[in-house]
Amino acid sequence: AQSVTQPDIHITVSEGASLELRCNYSYGATPYLFWYVQSPGQGLQLLLKYFSGDTLVQGIKGFEAEFKRSQSSFNLRKPSVHWSDAAEYFCAVGGYNNNDMRFGAGTRLTVKP
Amino acid sequence: EADIYQTPRYLVIGTGKKITLECSQTMGHDKMYWYQQDPGMELHLIHYSYGVNSTEKGDLSSESTVSRIRTEHFPLTLESARPSHTSQYLCATKPLLDLGPQYFGPGTRLLVL
């Protein structure tokens, strides 16, 4: 069965510092991987996705993620965090149907001034 | 502009009441989903639909029901609300023949007293 693990429940970084949010997945076939962001009281907004090809994918708001098959990881990065990036971040893995998309439990990001 | 709408955004209701959470979309997508989201937990799929007159149960046992009479509309009904139903409910859509992501509405936060 597929699953997603986000090891960090809560991360605090200073504004302007770099950020890396970890995501590990378990999936029996070729995974389709996604990162979403959720601001308080809002739904999930897609940041980026990986299907195939280049293992480094660029997303919106200056985020990028790198797919590492050997490590079953899809970590999200941003070189310089802004206060507006404070939110909850969810990693998700899906297959062809995407009815069985699985989400991690999320990582809450706090940004210190 | 294509979008996903959920109403009400917030609802406080007493035990035993019947409630319907509305989800409508102008995305033109065939697939629609309902997720339940609790703090610190992964999203749980409770219902989904491939299109008009199609409804399926997700992996989370739920006492709710759904209907899909129109492509744009996918309401979720609780016949008798209980405090255990207190949660955030997220609606999502996706094109039928697409390997891409799901797109989410803003959510309905439900509190059952």
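Order of the sequence lines fixes the chain letters, A, B, ..., with proteins taken first and strands second; residue numbering starts at 1 for each chain. What you are looking at is a predicted structure, and each value in this text was computed from that prediction instead of being measured. Just the heavy atoms: all of them, side chains too, but no hydrogens, waters or symmetry mates, feed the values below.
Using a 4.5 Å cut-off between heavy atoms, A:Q38 contacts chain B through its side chain alone, with no backbone atom that close. Of the two parts of B:Q37, only the side chain, counted from C-beta on, holds a non-hydrogen atom closer than 4.5 Å to a non-hydrogen atom of chain A. Only the side chain of B:L90 comes within less than 4.5 Å of a heavy atom of chain A; its backbone N, CA, C and O stay farther away. Residue contact with chain A, scored on non-hydrogen atoms closer than 4.5 Å, involves the side chain of B:Q88 exclusively. In this structure, chain B has no heavy atom under 4.5 Å from any part of A:I9.
Annotation: maximal heavy-atom pairing with chain A below 4.5 Å, among B:A92, B:C91, B:G40, occurs at B:G40. For the set A:T107, A:L46, A:L44, A:V4, the count of heavy-atom pairs under 4.5 angstrom toward chain B peaks at A:L44. Contact tally against chain B (heavy-atom pairs below 4.5 Å) for A:Q42, A:H10, A:Q6, A:R108: the top residue is A:Q42.
Remark: side-chain polar atoms of A:S73 are not paired, donor with acceptor, to backbone N or O of A:N75 under 3.5 angstrom. Side-chain atoms of A:R77 do not come within 3.5 Å of backbone N or O of A:S18 as any donor-acceptor pair. Distance alone, capped at 3.5 Å, places no donor-acceptor pair between the A:E66 side chain and the A:L56 backbone. Between the side chain of B:W34 and the main chain of B:T65, no donor-acceptor pair closer than 3.5 Å is present. Without hydrogens or angle criteria, B:R68 side chain to B:T71 main chain gives a donor-acceptor distance under 3.5 Å.
We find that A:D8 and A:R22 are joined by a salt bridge, their nearest charged nitrogen and carboxylate oxygen being less than 4.0 Å apart.
Every salt bridge (Lys or Arg N to Asp or Glu O under 4.0 Å) that B:R70 has, sequence neighbours left out, goes to B:E72.
Residues of residues 105-113 of chain B having a heavy atom under 4.5 Å from any heavy atom of chain A, listed by number: B:G105, B:P106. Near-neighbour residues of residues 14-27 of chain B relative to chain A, defined by a heavy atom under 4.5 Å from a heavy atom of that chain, are none.
Considering all non-hydrogen atoms of both residues, B:L43 and B:Y35 come closest at CB-CD2, 3.8 Å.
For the side chain to side chain donor-acceptor pair (under 3.5 Å) condition, the pairs that include at least one residue of residues 50-59 of chain A, sequence neighbours left out, are A:Q58-A:E64.
Exactly one of B:K57, B:Q36, B:H47 qualifies for a side-chain hydrogen bond (donor to acceptor under 3.5 Å, both in side chains) with B:S64. That residue is B:H47.
Under 3.5 Å, the side chains of B:S87 and B:D38 contain a donor-acceptor pair of N or O atoms.
Cation-pi check for A:K49 over A:F34 is not met; the charged atom does not lie both under 6.0 angstrom from the ring centroid and within 45 degrees of its normal.
Under a hydrophobic clustering in which Ile, Leu, Val, Met, Phe, Trp and Tyr are joined whenever their side-chain heavy atoms come within less than 4.5 Å, directly or via other members, B:M32 and B:I69 fall into different clusters.
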